[in-house]
Amino acid sequence: MRILVVGAGAIGGYFGGRLLQAGNDVTFLVRPKRASELASAGLVIKSPAGDVTLKNPPTVQADKLAEPFDVVLLSCKAFDLEDAIKSFAPAVGPNTAIIPLLNGLLHLNVLDKKFGADRVLGGLCAIAATLNEAREVVQLAPMQSLNFGERDGAMSERVRAIAKVFDSGKVGAVASEHIMQDMWEKWVFLASLAASTCLMRTSVGNILAVPGGKDFLLGMLDECAAIAKASGFDPAGPFFQRTAGLLTTEGSPMTASMFRDIKAGLPVEADHVIGDLVARADAAKIPVPKLRIAYTHLKAYEKQRG
């Protein structure tokens, strides 16, 4: 099975690197600068699960893509999606499966329109990882998962085949029969955390430690959950209890990566993670005052960046 990993940053570098380490046919689609880095230093992963240096990992640049791959693993940021599509489009053939690991759901519409819904699986990942100054992939905590599946819930032959390959990488890969529910639940958690920590510009623990903090955090979660429920994906039961617990853990240093991006002056996925939820709330006539303020805050930040 030929796998094209779009990008070799923290996400693509980790999951693609582990699959390559296990002996799979993996190629990284990268820009010239990253190709040079990988050629000279290799793909370096530093992780609680074991460090590895993969010398001369297979790479390709967009203008050299000519043949279709079996799987395209897509891990770019939402605001880079259009450019990413242009770069990997030549690798998509009649039987290619695209597994996007982007946040939210807006990207599904874009990919469906370009490649056809039959080629686009649902997907999500959970990992705390970053590129350090030496451009090494550093996993920050001993947890990782990669869920994927047919969006109609079928356990197809292609999903079974991909699962067999992904299992070899020991990356916590799961072939899901309810991937859309999984994606909605991740979105509810991420949006609640991002909206709260970005708006308050601090960690969960610090928000909890001030008057009204707990009500604010749980109120944000309630708004996001109500939108999911109205869309047919009620994030109730164990997921909701677990998420509420994470958002009410006193002293928690947890922040969203979006907040860390703001502190670094980087672009953020305001429309993809928060704005789309506000739009869906408006369509369903659900009041979301906290989420709406968070979205305005993020758009003002984007305006300031220029």
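Numbering of residues begins at 1 and proceeds along the displayed sequence. Below, each value reflects all heavy atoms present in this structure, side chains not excepted, and no hydrogens, waters or symmetry copies.
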Do D70 side-chain atoms and R2 backbone N/O form a donor-acceptor pair below 3.5 Å? yes

Please answer whether the main-chain N or O of F69 pairs with a side-chain N or O of T96 as donor and acceptor at a distance below 3.5 Å. yes

Hey, what do you get for CG (L29) to OG1 (T59), rounding to the nearest 0.5 Å? 9.5 Å

In plain terms, say whether R158 and E150 are close enough for a salt bridge, that is, a side-chain N and a carboxylate O under 4.0 Å apart. yes

Side chain of R305, backbone of G265: donor and acceptor closer than 3.5 Å? yes

With a 4.5 Å limit on heavy-atom distance, are the side chains of M143 and P48 in contact? no

Examine distances only and state if a side-chain atom of T249 and a backbone atom of G245 form a donor-acceptor pair shorter than 3.5 Å. yes

One thing to verify: whether D222 and K290 come together as a salt bridge, which I'm taking to mean a side-chain N less than 4.0 angstrom from a carboxylate O. no

Is D261 salt-bridged to K77, cutoff N-O under 4.0 Å? yes

Between A270 and Y295, which heavy-atom pair has the shortest distance, and what is it? O-CE1, 3.7 Å

Tell me whether N24 contacts the main-chain N or O of V26 through its side chain, where contact means a donor paired with an acceptor under 3.5 Å. no

Regarding S176 and N147, is there a side-chain donor-to-acceptor distance under 3.5 Å anywhere? no

Between H297 (side chain only) and C198 (backbone N and O only), is there a donor and an acceptor less than 3.5 Å apart? yes

Considering only residues two or more places apart or on different chains, which pairs with a residue in residues 36-50 satisfy side-chain hydrogen bond (donor to acceptor under 3.5 Å, both in side chains)? R18-S47, R34-E37, E37-R135, S47-Q139

Can you find a heavy atom in the side chain of V110 that is under 4.5 Å from one in the side chain of L81? yes

Flag yes if more than 12 heavy atoms outside K229 fall under 6.0 Å of its NZ atom; otherwise flag no. no

Test of understanding: with side chain to side chain donor-acceptor pair (under 3.5 Å), list the residues that count as partners of D276, not counting sequence neighbours. R280

Check whether any side-chain heavy atom of L108 lies under 4.5 Å from a side-chain heavy atom of L105, and answer yes or no. yes

With rounding to the nearest 0.5 angstrom, report the CG to CD1 distance, D167 to I162. 12.0 Å

With the threshold set at 4.0 Å, does a side-chain nitrogen-carboxylate oxygen contact exist between K299 and E302? yes

M1 vs D25 side-chain heavy atoms within contact, under 4.5 Å: no

Centres of the F240 and F189 rings: under 6.0 Å? no

Can you confirm whether V188 sits close enough to T243 that some side-chain heavy atom of one is under 4.5 Å from a side-chain heavy atom of the other? no

Please state whether the rings of F166 and F148 are parallel, tilted or perpendicular, taking 30° and 60° as the class boundaries. perpendicular

Look at the side chain of W184 and the backbone N and O of D234, then say whether any donor-acceptor pair between them is shorter than 3.5 Å. no

Is the side chain of E136 donor-acceptor paired with the backbone N or O of I45 at a distance under 3.5 Å, no angle test? no

In the structure I gave you, are the side-chain heavy atoms of I274 and L291 within less than 4.5 Å of one another anywhere? yes

Does T248 offer a backbone N or O that forms a donor-acceptor pair with the side chain of S252 under 3.5 Å? no

So, taking the atom named CD1 in I262 and the one named CZ in R260, what distance separates them when rounded to the nearest 0.5 Å? 11.5 Å

E269 side-chain N/O to A78 backbone N/O, donor-acceptor pair under 3.5 Å: yes

